[in-house]
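Here the structure is a predicted model, which is why all the values come from computation and not from measurement. Quick note on labels: first sequence line is chain A, next is B, and so on, each numbered from 1.
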Amino acid sequence: MAKPDVLTPQAQDFPQWYQDVVAKAELAEGGPVRGSMVIRPYGYAIWERVQAELDTRIKAAGAQNAYFPLFIPESYFRREAEHVEGFSPELAVVTHGGGKKLEEPVVVRPTSETIIGSYLAKWVQSYRDLPLALNQWANVVRWELRPRLFLRTTEFLWQEGHTAHASEQDAHLYSLRILRDVYEDFMVNVLAVPVLVGRKTDKERFAGATTTWATEGMMRDGKALQMGTSHELGQGFSRAFGIGFLDEEGQQRHAWLTSWGASTRLMGALIMAHGDDHGLRVPPRLAPVQVVVLVVKAEGGTAEAAAAVVAALREAGVRAELDVRTDSSFGRRVVGWELKGAPVRLEVGPRDLAEGSVVLCRRDSGTKVPVGLDRAVAEVRKALDEAQGSLLEEARRRLGAGTVECSSVEECQEATLSGFARIPGSVLATRADGMDGEARLNAMGVTVRLLQRPDGSLPAADQDLNELVAVVARAY
RNA sequence: CGGGGAGUAGCGCAGUUGGUAGCGCACCUGCUUUGGGAGCAGGAGGCCGCGGGUUCAAGUCCCGCCUCCCCGACCA
């Protein structure tokens with residue numbers, strides 16, 4: 001007897017599928033204020049794994065965690081012209097406090113360049129103070145008119161790194177180090193999303209940056225998602241906030257800054273890059289629950305055997321959870337864990353136990369095989385390794401197959417209905433109908449995601465457009 | 001801000017020519033179940049967005065207000 005679909009099929013309505021997964025996998029729901037979001041325990045458990053993996057890499061790159069205020073004097077934003085222009089439409093401003101109108105309105109941080117800059121100005125005095133690398137885990141607010149859970153919410157969680165360097169070259173190298181060793185490494189090796197790396201066009205650049213580097217992933221509907229950005233800020237903020245230092249020769253200089261961030265939007269990447277019609281598929285290295293040991297029914301010593309398997313798995317360093325909720329039907333629990341995307345499920349039933357085995361089910365491929373109880377831990381570890389590789393490989397194939405070489409703006413229109421298009425950088429500057437190529441792409445709902453060298457490698461910060469390739473796509 | 005819809009149980013919805021509130025899912029209790037969303041029986045749950053008006057009587061008709069959703073310009 002055919003049950004109705006658990007989720008709206010992706011092929012039928014991808015945005016609806018996305019909303020269904022977020023709700024049914026118990027990741028998040030909307031808050032009472034438009035654009036706000038409640039992250040539920042399972043969603044937050046995944047985010048905590050994202051944080052842990054990113055935090056380790058950020059610290060390995062030499063940055064230290066700190067915390068700066070949520071409230072920023074409005075005047076700080078006016079000090080850097082491009083920055084204020086870019087952010088003013090989406091600021092939330094507090095005008096009252098303690099029952100009184102405030103002397104100066106206070107901005108709820110949309111990002112912290114300004115307030116951190118004001119402290120860097122105090123802390124940086126000498127070239128010996130540099131480089132100074134800080135990171136903070138925080139919430140930020142950017143007023144949104146079109147919210148989508150995780151992808152675009154008024155308040156979101158992220159990490160933002162802020163560094164000061166003695167030279168432009170040092171700042172440049174550091175921003176690339178973060179891009180590759182923190183973001184790209186995490187996304188490929190943990191999230192199993194094969195990202196493209198490159199430079200943003202002037203139009204897509206962060207407000208106040210001289211250069212923005214980004215990682216971009218392809219979702220299962222062929223649209224692009226920006227997943228982590230690293231900015232070279234030049235000396236603009238240093239001049240605005242007086243971040244100066246004496247160099248070895250006793251010369252007063254302005255510091256070169258960078259900033260870089262990745263947000264809860266990565267949850268959207270996880271969902272849309274790997275999820276299928278049965279729900280989430282969480283890569284094992286990320287999964288808060290790598291294995292669920294499911295008691296089929298409470299007879300024949302199944303509960304005891306399952307508990308022993310969980311203990312053995314945990315002993316071996318596997319994140320395992322026991323599901324003994326036999327007051328709920330077997331099928332319901334299976335569907336529930338599939339929705340949540342637990343990479344491996346071990347089914348422990350009386351029939352299996354009689355044979356001295358359990359059934360190992362893989363979420364990524366749907367395969368089920370009986371394994372001997374004595375080999376369960378080893379088989380689970382093998383399955384987790386294979387699932388991690390297989391999810392990445394599947395996403396890589398999709399990215400490859402969904403990327404088309406084009407030579408004109410017009411060709412991009414069709415190509416970007418289902419994936420990415422690569423066009424010569426020179427096309428972006430080519431004018432027609434009174435618009436340049438990038439504007440014509442934008443007019444048809446397509447944006448330039450990245451500029452790369454033709455072989456896909458990173459360009460120089462100032463490399464001429466004519467020597468580069470533009471990756472264009474519809475984007476979230 | 002411009003155009004189009006909707007407000008009824010936790011969620012999704014129905015509610016006829018006005019007659020005092022219903023369905024599915026979820027929830028609670030009991031029994032039987034549990035190897036891919038269990039079945040049966042019983043039960044709980046409502047300021048019908050808010051305010052006014054018409055009427056013997058308003059979820060339904062009239063007026064006003066509020067809120068939310070969808071579509072067009074920016075954004076991780």
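- Across the C1' atoms, rG49(B) and rG7(B) are found 6 Å apart, a figure rounded to whole Å.
- In this structure, Asp323(A) places its CG atom 13 Å from P of rG35(B), rounding to the nearest Å.
- Of the two residues near RNA chain B, Leu339(A) and Asp327(A), the one whose nearest nucleotide lies more 5' is Asp327(A).
- Residue contacts shown for Pro110(A) are absent, as no nucleic acid heavy atom lies under 4.0 Å away.
- Close to rA38(B), at under 4.0 Å from its OP1 or OP2, lies a side-chain N or O of Ser329(A).
- Residue-level contact check: Thr111(A) touches neither bases nor backbone, having no heavy atom under 4.0 Å from any strand.
- Ring geometry, Phe237(A) versus Phe241(A): the interplanar angle falls under 30°, so the pair is classed parallel (tilted spans 30 to 60°).
- Residues from residues 358-375 of chain A with heavy atoms under 4.0 angstrom of RNA chain B, sorted by number: Val359(A), Lys368(A).
- Between rG43(B) and rG4(B), the distance separating the two C1' atoms is 43 Å to the nearest Å.
- Side-chain N/O atoms of Arg345(A) and base N/O atoms of rG36(B) include a donor-acceptor pair closer than 3.5 Å.
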Checklist entry - Please, what dot-bracket string fits RNA chain B when only Watson-Crick and G-U pairs with both distances under 3.5 Å count, crossing ones use [ ] and pairs to another strand use |? => result (((((((..((((.....[..)))).((((((.....)))))).....(((((..]....))))))))))))....
Next on the checklist: How would you summarise protein contacts on nucleotides 70-76 of chain B per nucleotide, using B for base, S for sugar-phosphate only and - for none, with heavy-atom distances below 4.0 Å?
Outcome noted: -BBB-BB
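- Here the separation of rG35(B) from rC31(B), taken at their C1' atoms, is 23 Å to the nearest Å.
- With both ends at atom C1', the span from rG36(B) to rC75(B) equals 43 Å, rounded to whole Å.
- To the nearest angstrom, P of rU32(B) lies 15 Å from NZ of Lys297(A).
- Rounded to an integer number of Å, the gap from Leu346(A) CG to rG35(B) P is 18 Å.
- Separation of the C1' atoms belonging to rG53(B) and rG18(B) is 15 Å when rounded to the nearest angstrom.
- Between Phe77(A) and His83(A), the two ring planes are parallel [angle under 30°; tilted spans 30° to 60°].
- The distance from atom CD of Glu29(A) to atom C1' of rA26(B) is 14 Å, rounded to the nearest whole Å.
- Lys24(A) places its NZ atom 13 Å from the P atom of rG12(B), with the value rounded to the nearest Å.
- For the C1' atoms, the distance linking rC25(B) with rC66(B) amounts to 30 Å, nearest Å.
- Note: Tyr476(A) and Tyr18(A) fail the aromatic proximity criterion, with ring centroids not under 6.0 Å apart.
- Of the P atoms belonging to rG22(B) and rC48(B), the separation is 14 Å, rounded to the nearest Å.
- Taking the P atoms as reference points, rA9(B) lies 11 Å from rC50(B), given to the whole Å.
- Using a 4.0 Å heavy-atom distance criterion, Lys200(A) is classed as making no nucleic acid contact.
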